Peer 1: 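One structure follows; several queries about it will come next.
Note that the structure is a prediction, hence the values are computed from the model and not measured. Numbering starts at 1 and runs along the sequence shown. Just so you know, ligand 1 is whichever comes first in the structure, and atom 1 is the first atom listed for that ligand.
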Amino acid sequence: MDRHPIWFNGKLVPFEEAKIHVLSHVVHYGSSVFEGIRCYHTARGPAVFRLREHLRRLIDSARIYRMEIPYTLEELEAAALETVRASGLKACYIRPVAFRGMGSLGVNPLKAPVEVFIAVWEWGAYLGDEALEQGVDVQVSTWNRMAPNTLPAMAKAGANYANAGLVKMEAVLNGYSEGIMLSVDGYVAEGSGENLFLVRDGVIYTAPLTLSILPGITRDAVITLARDLGYTVIEQPIPREALYIADELFFTGTAAEITPIRSVDRYTIGQGRRGPVTEALQRAFFEIVREGKDPYGWLTFVEVP
Ligand SMILES: Cc1[nH+]cc(COP(=O)(O)O)c(CN[C@@H](CCC(=O)O)C(=O)O)c1O
């Protein structure tokens, strides 16, 4: 595990000093919200992908849980960049977390203080080095995504990952790389840590945000890239069986980037490897995050002294 300095409640502290008390509310009740953000070593220097959008989602997630983050978006942006610089890393994964600390005991979160930290570490291909090219084998999970109006899927909240963790464990123990969750109505929702796209006859489909899915920032970027490449993108409920007759399937996410899916429940998808539409979208995405070409203004360059 990388041991880089961690920004904790307003200042950088040594890795070893970034500790919380066991009686912190978050330890007992899962009261945290967080982000996953990538800094890339682009040809023009280290740059963070859609930093402000991620930090806005962090603030939105906190608001949903009535957590008042004691920093502005601009302060969090500066803190994230400071943490990347302090690590000396040219490429890294940035993990801001806001959580309820030690206050009174009991369920009521309102009496526990809101604390914030930002950690960074090196994180390669989320689903394995081969995955971006070869694709991954996945299953449809026996666990559904949360029902609407139960746990708020729009919030990137730690509590939601108890659901995701069950999906991931089941998939891994069954010999798969990932699990796909269906909604309570049986439509395709998303992976345990990714959004999902389907390609059929050159048209790209993905679940609408009205399902209980995380409004993914990579999802949003890929929809923009796809449309600018001339593809039709349709956001509509996807029946489970549509997965099995797809020409291509792929995950999107900060950690997963754009990862092809080569089989679902042992059904081979397309040619059993990355398809042409997935490859075209990867090319457009990596041109931005690796070459530093930034037509959409998605990159925040880390001014390294
Ligand atoms: C459930 C879920 N759905 C979709 C996404 C994609 O969202 P976005 O990163 O904004 O495009 C993520 C990100 N998953 C993060 C956490 C991974 C982890 O293991 O932790 C990530 O990709 O950083 C999810 O956790």
Side-chain angles (χ1 to χ4, degrees), residues 1 30 32-40 48-61 80 91-97 99 117-128 131-132 136 138 141 143-148 150-169 171-172 177-183 187-197 206-226 235 238 249-259 261 281-282 285-286 288-289 296 298:
M1 180 53 149
S32 69
V33 294
F34 71 100
E35 273 302 324
I37 313 168
R38 271 197 191 268
C39 175
Y40 284 92
V48 183
F49 186 68
R50 305 195 78 180
L51 177 55
R52 292 182 67 88
E53 289 90 338
H54 279 281
L55 293 174
R56 179 160 181 253
R57 189 172 65 183
L58 179 74
I59 292 167
D60 286 346
S61 301
C92 62
Y93 182 85
I94 307 167
R95 175 54 59 85
V97 180
F99 66 92
F117 71 82
I118 302 173
V120 299
W121 62 79
E122 289 183 282
W123 207 353
Y126 185 57
L127 295 172
L132 288 176
V136 289
V138 308
S141 180
W143 293 97
N144 290 331
R145 196 59 172 145
M146 305 87 70
T150 53
L151 284 166
M154 282 184 74
K156 193 171 175 66
N160 291 351
Y161 290 80
N163 170 223
L166 289 165
V167 172
K168 189 70 176 186
M169 288 189 288
V172 166
S177 299
E178 187 55 277
I180 295 171
M181 293 175 272
L182 303 181
S183 68
Y187 292 109
V188 174
E190 57 186 337
S192 76
E194 314 89 356
N195 292 114
L196 183 141
F197 286 78
T206 195
L209 296 180
T210 45
L211 264 69
S212 277
I213 64 170
L214 184 73
I217 290 168
T218 317
R219 172 188 181 276
D220 176 76
V222 163
I223 289 172
T224 299
L225 291 172
E235 298 175 68
I238 299 171
L249 293 172
F250 59 90
F251 284 132
T252 63
T254 297
E257 297 170 306
I258 299 174
T259 299
I261 297 167
L281 289 168
Q282 279 185 338
F285 177 78
F286 287 123
I288 295 170
V289 298
Y296 302 98
W298 286 341

Peer 1: Assess, by modelled atom type and distance only, whether the side chains of E257 and T218 contain a donor and an acceptor separated by less than 3.5 Å.
Peer 2: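 Not at all, the side chains of E257 and T218 share no donor-acceptor pair under 3.5 Å.
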Peer 1: Is the shortest side-chain heavy-atom distance between T254 and Y126 below 4.5 Å?
Peer 2: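 No, their side chains stay 4.5 Å or more apart.
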Peer 1: Is a donor on one side and an acceptor on the other found under 3.5 Å between the side chain of R38 and the backbone of C92?
Peer 2: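 Between the backbone of C92 and the side chain of R38 there is no qualifying donor-acceptor contact (under 3.5 Å).
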Peer 1: Pairs under 3.5 angstrom, nitrogen or oxygen on both sides, ligand 1 versus protein: list them out, please.
Peer 2:
unit_1: ligand 1; atom_1: 3 (N); unit_2: E190; atom_2: OE1; d: 2.7
unit_1: ligand 1; atom_1: 9 (O); unit_2: T254; atom_2: N; d: 2.9
unit_1: ligand 1; atom_1: 9 (O); unit_2: T254; atom_2: OG1; d: 2.7
unit_1: ligand 1; atom_1: 10 (O); unit_2: R57; atom_2: NH1; d: 2.8
unit_1: ligand 1; atom_1: 10 (O); unit_2: R57; atom_2: NH2; d: 2.9
unit_1: ligand 1; atom_1: 10 (O); unit_2: I217; atom_2: N; d: 2.8
unit_1: ligand 1; atom_1: 11 (O); unit_2: I217; atom_2: N; d: 3.3
unit_1: ligand 1; atom_1: 11 (O); unit_2: T218; atom_2: N; d: 2.8
unit_1: ligand 1; atom_1: 11 (O); unit_2: T218; atom_2: OG1; d: 2.6
unit_1: ligand 1; atom_1: 14 (N); unit_2: K156; atom_2: NZ; d: 3.4
unit_1: ligand 1; atom_1: 14 (N); unit_2: G193; atom_2: O; d: 3.1
unit_1: ligand 1; atom_1: 19 (O); unit_2: Y126; atom_2: OH; d: 2.7
unit_1: ligand 1; atom_1: 20 (O); unit_2: R95; atom_2: NH2; d: 3.0
unit_1: ligand 1; atom_1: 22 (O); unit_2: T254; atom_2: N; d: 3.3
unit_1: ligand 1; atom_1: 22 (O); unit_2: A255; atom_2: N; d: 2.8
unit_1: ligand 1; atom_1: 23 (O); unit_2: Y93; atom_2: OH; d: 2.5
unit_1: ligand 1; atom_1: 25 (O); unit_2: K156; atom_2: NZ; d: 3.3
unit_1: ligand 1; atom_1: 25 (O); unit_2: Y161; atom_2: OH; d: 2.6

Peer 1: Does some side-chain heavy atom of F49 sit less than 4.5 Å from a side-chain heavy atom of F285?
Peer 2: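 Touching, per the 4.5 Å side-chain cut-off.
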Peer 1: How would you list, by chain and number, every residue that makes a salt bridge (Lys or Arg N to Asp or Glu O under 4.0 Å) with E194, sequence neighbours excluded?
Peer 2: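 For E194 there are no salt bridge (Lys or Arg N to Asp or Glu O under 4.0 Å) partners, ignoring immediate neighbours.
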Peer 1: Check for a donor-acceptor pair, side chain of N163 on one end and backbone N or O of N144 on the other, with a separation under 3.5 Å.
Peer 2: yes
